[in-house]
S.K.: 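This structure is in structure tokens; I'll ask about it shortly.
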Amino acid sequence: MPVIKVFKLLPRGHKIAIGALSAAMVLLIMAPTESALASRDQPDDLLPGSQPLVLAVEDVPFVDENLHARELVVKVSPGDTLSSIFARNGLSSTLLHDISQLGEHAEQLKKIHPGERLTFFLDKKGHFSALSYPLDAARTLEIKRRDAELHSRIIRAQLEHRTQYAQASVNSNFWNAGISAGLNPGQILSLAAMFAWDVDFALDIRAGDRFTVLYEQRYKDGIHVDTGHILAAEFVNQGKVYRAVRHDDGNYYSPEGRAMRKSFLRAPVNFSHISSNFNPRRLHPVTGQIKAHRGIDYAARTGTPVVAAGNGVVVESGYSQFNGNYVVIRHDGTYLTKYLHLHQRMVKKGEKVKQEQQIGTVGATGRVTGPHLHYEFLVNGVHQDPKTVDLPQAAILSRGELATFRPRADKLLAQLSKVSEVMLAKN
């Protein structure tokens, strides 16, 4: 039977007694204990030697300086400058001027390229608070406003370096072989540049040539961020093996420590189709007569860059009926090179030039049937075949440098050999 029904059946006196008892129990439960009173009401008499503890608490609002009200991400477009970006996004010229006074860090912002991103951080009032600009996979330029002043720094991230390899045989051409091996355009050009003093990639490449490359892949927090340098490479051209290893100085050397960079490039143009090989009894394409063709013709589009094969001084830069625009460079008392039928000449007589410096562009000036570069190589005044002439030996590393170079080179070349063996086994 429910408690309420039982309570109603009791005599009136019992009901009053039970109610009084319940009220007393409630008051007893709610009454504070001695310890509670002591914590609420501080007594007048403290223990000997003790002092009252006074806490001064200031109510300060929490502020996270890293929080920004808004982020403005700007993608750099062709032709953009920092000034145009600021004007387009309503950022003040005063701020731009203050940033330009940040020394070498400000210089980095003058080198922005299309496709890169600048991130501006603005506060609640829309005022500038920070700028972030990734310089590369490992470095980010940060500019912050703090205490009404701008402060800049380079933030460096730790990258993990992994070694990757690529290999391929040439079927149609070297470029396509590089693409099929998974190399990007920059790596293909770098690979050709490594061996450009030994191999004419516009003339000497044959079907069946092959290469193997070891290069860096860089990761940030386990995510691939970019491709690093080529560490070592092997190129087999017409059965001859060339090998190169990257040293701490950023240059490439043979396994013996001899520099891959030599006094002369094998070709003054890159990846161009050759229309005429060296032939002292060549049939002239215009006159139809047999005439000595003392050089090599590189057929290429008008405007293709032409570079100096080696360091030297321009001894002639002019125009003639048969040669068109031409440049002649004296490298020393022994060697001289000629560049004919140029569309444009970019150097003057008496000017000093460096190896790989652009001296003109491919053209069709003079007596020619189409745009090409005619290149001649003379040794002691005698014409030599540019693709077979013996060139001066390159410099070799010092004994101290070799002690550093060789152990690392041996390790990389051992890896290279294993990859090459696998490639040969597959073929």
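We count residues from 1, following the sequence as given.
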S.K.: Looking at K348 and E351, is there a salt bridge between them, counting it only when a charged N and a carboxylate O are closer than 4.0 Å?
M.R.: no

S.K.: Taking the six-membered ring for Trp and the single ring otherwise, decide whether the centroids of Y319 and Y326 are under 6.0 Å apart.
M.R.: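 No; Y326 has its ring centre 6.0 Å or more from that of Y319.
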
S.K.: Can you label the angle between the H341 ring and the H372 ring as parallel, tilted or perpendicular, going by 30° and 60°?
M.R.: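 Ring orientation of H341 relative to H372: tilted.
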
S.K.: What is the distance from atom NZ of K144 to atom CZ of F121, rounded to the nearest 0.5 Å?
M.R.: 8.5 Å

S.K.: Using a strict threshold of under 4.0 Å (side-chain N to carboxylate O), is an ion pair present between D200 and K387?
M.R.: no

S.K.: Please check this pair: side chain of R345 against backbone of N325, looking for a donor-acceptor N/O pair closer than 3.5 Å.
M.R.: no

S.K.: Taking N184 for the side chain and G186 for the main chain, is one N or O donor matched with an acceptor at less than 3.5 Å?
M.R.: yes

S.K.: Short question: side chain of H247, backbone of Y252 - any donor-acceptor pair under 3.5 Å?
M.R.: no

S.K.: When rounded to the nearest 0.5 angstrom, what distance separates OG in S83 from CZ in R88?
M.R.: 10.5 Å

S.K.: Can the ring centres of F201 and F174 be said to be less than 6.0 Å apart?
M.R.: yes

S.K.: Give the intermediate values and the outcome of side-chain contact (heavy atoms from CB on, under 4.5 Å) for residues V307 and I359.
M.R.: CA-CA 5 Å; V307 300; I359 60 172; 5.9 Å; no

S.K.: Can you confirm whether E107 is buried at CD, in the sense that more than 12 heavy atoms of other residues, nucleotides or ligands lie under 6.0 Å from that atom?
M.R.: yes

S.K.: With a 4.0 Å cut-off, would you call R162 and E160 a salt bridge?
M.R.: yes

S.K.: What pair of heavy atoms forms the shortest contact from A308 to V353, and how long is it?
M.R.: CB-CG2, 4.2 Å

S.K.: With a 4.0 Å cut-off on N to O distance, would you call D136 and R139 a salt bridge?
M.R.: yes

S.K.: Centroid separation under 6.0 Å, is that true for the rings of Y219 and H161?
M.R.: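 No: the rings miss the under 6.0 Å criterion.
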
S.K.: Testing the basics here: between V314 and S317, what is the closest heavy-atom pair and its distance to 0.1 Å?
M.R.: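 The answer is CG1-CB, 4.0 Å.
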
S.K.: Keeping D80 on the side-chain end and S77 on the backbone end, is there a donor-acceptor pair under 3.5 Å?
M.R.: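 Between the backbone of S77 and the side chain of D80 there is a qualifying donor-acceptor contact (under 3.5 Å).
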
S.K.: Do you see a donor-acceptor pair shorter than 3.5 Å between the side chains of S417 and R243?
M.R.: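 Note: S417 and R243 side chains meet the donor-acceptor criterion.
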
S.K.: More than 12 heavy atoms of other residues, nucleotides or ligands under 6.0 Å from CD of Q238: is that the case?
M.R.: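 It does: Q238 CD has more than 12 such atoms within range.
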
S.K.: Please check: side-chain N/O of Q108 versus main-chain N/O of H105, any donor-acceptor pairing under 3.5 Å?
M.R.: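 Flag not set: sc Q108 to bb H105 has no pair under 3.5 Å.
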
S.K.: To the nearest 0.5 Å, tell me how far L135 CG sits from L141 CG.
M.R.: 5.5 Å

S.K.: Give the C-alpha distance, both sets of side-chain angles, the deciding distance and a yes or no for side-chain hydrogen bond (donor to acceptor under 3.5 Å, both in side chains) between Q415 and Y165.
M.R.: CA-CA 9 Å; Q415 296 180 48; Y165 73 89; over 6 Å; no

S.K.: State whether R145 and D123 are salt-bridged, where the test is any N-O pair (Lys NZ or Arg NE/NH1/NH2 against Asp/Glu carboxylate O) under 4.0 Å.
M.R.: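 Between D123 and R145 there is no salt bridge, as every charged N stays at least 4.0 Å from the carboxylate O atoms.
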
S.K.: Taking N237 for its side chain and K240 for its backbone only, find out whether a donor-acceptor pair lies under 3.5 Å.
M.R.: no

S.K.: Classify the ring geometry between F235 and F211 as parallel (under 30°), tilted (30 to 60°) or perpendicular (over 60°).
M.R.: parallel

S.K.: Quick one: does T361's side chain have a donor or acceptor within less than 3.5 Å of a partner on P305's backbone?
M.R.: no

S.K.: Would you say the side chains of H343 and T365 form a donor-acceptor pair under 3.5 Å?
M.R.: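 There is no such pair between these side chains.
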
S.K.: How far apart are the closest heavy atoms of L183 and A166, and which atoms are they?
M.R.: CD2-CB, 3.7 Å

S.K.: Check for a donor-acceptor pair, side chain of H383 on one end and backbone N or O of L378 on the other, with a separation under 3.5 Å.
M.R.: no

S.K.: Do T337 and Y339 meet the criterion of a side-chain donor-acceptor pair at a distance under 3.5 Å?
M.R.: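 Checked: T337/Y339 side chains pair up, N/O donor to acceptor below 3.5 Å.
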
S.K.: So does K262 get a backbone contact from the side chain of Q355, meaning a donor-acceptor N/O pair under 3.5 Å?
M.R.: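 Yes, the answer is positive, given that a donor and an acceptor are paired below the 3.5 Å cut-off.
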
S.K.: Quick one: do the S132 and E142 side chains pair a donor with an acceptor below 3.5 Å?
M.R.: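 No, no side-chain donor-acceptor pair sits under 3.5 Å.
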
S.K.: Looking at E401 and S398, would you say the former's side chain and the latter's main chain have a donor-acceptor pair under 3.5 Å?
M.R.: no

S.K.: Report the distance from atom NE2 of H224 to atom CD of Q164, rounding to the nearest 0.5 Å.
M.R.: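 So the NE2 of H224 and the CD of Q164 are separated by 9.0 Å.
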
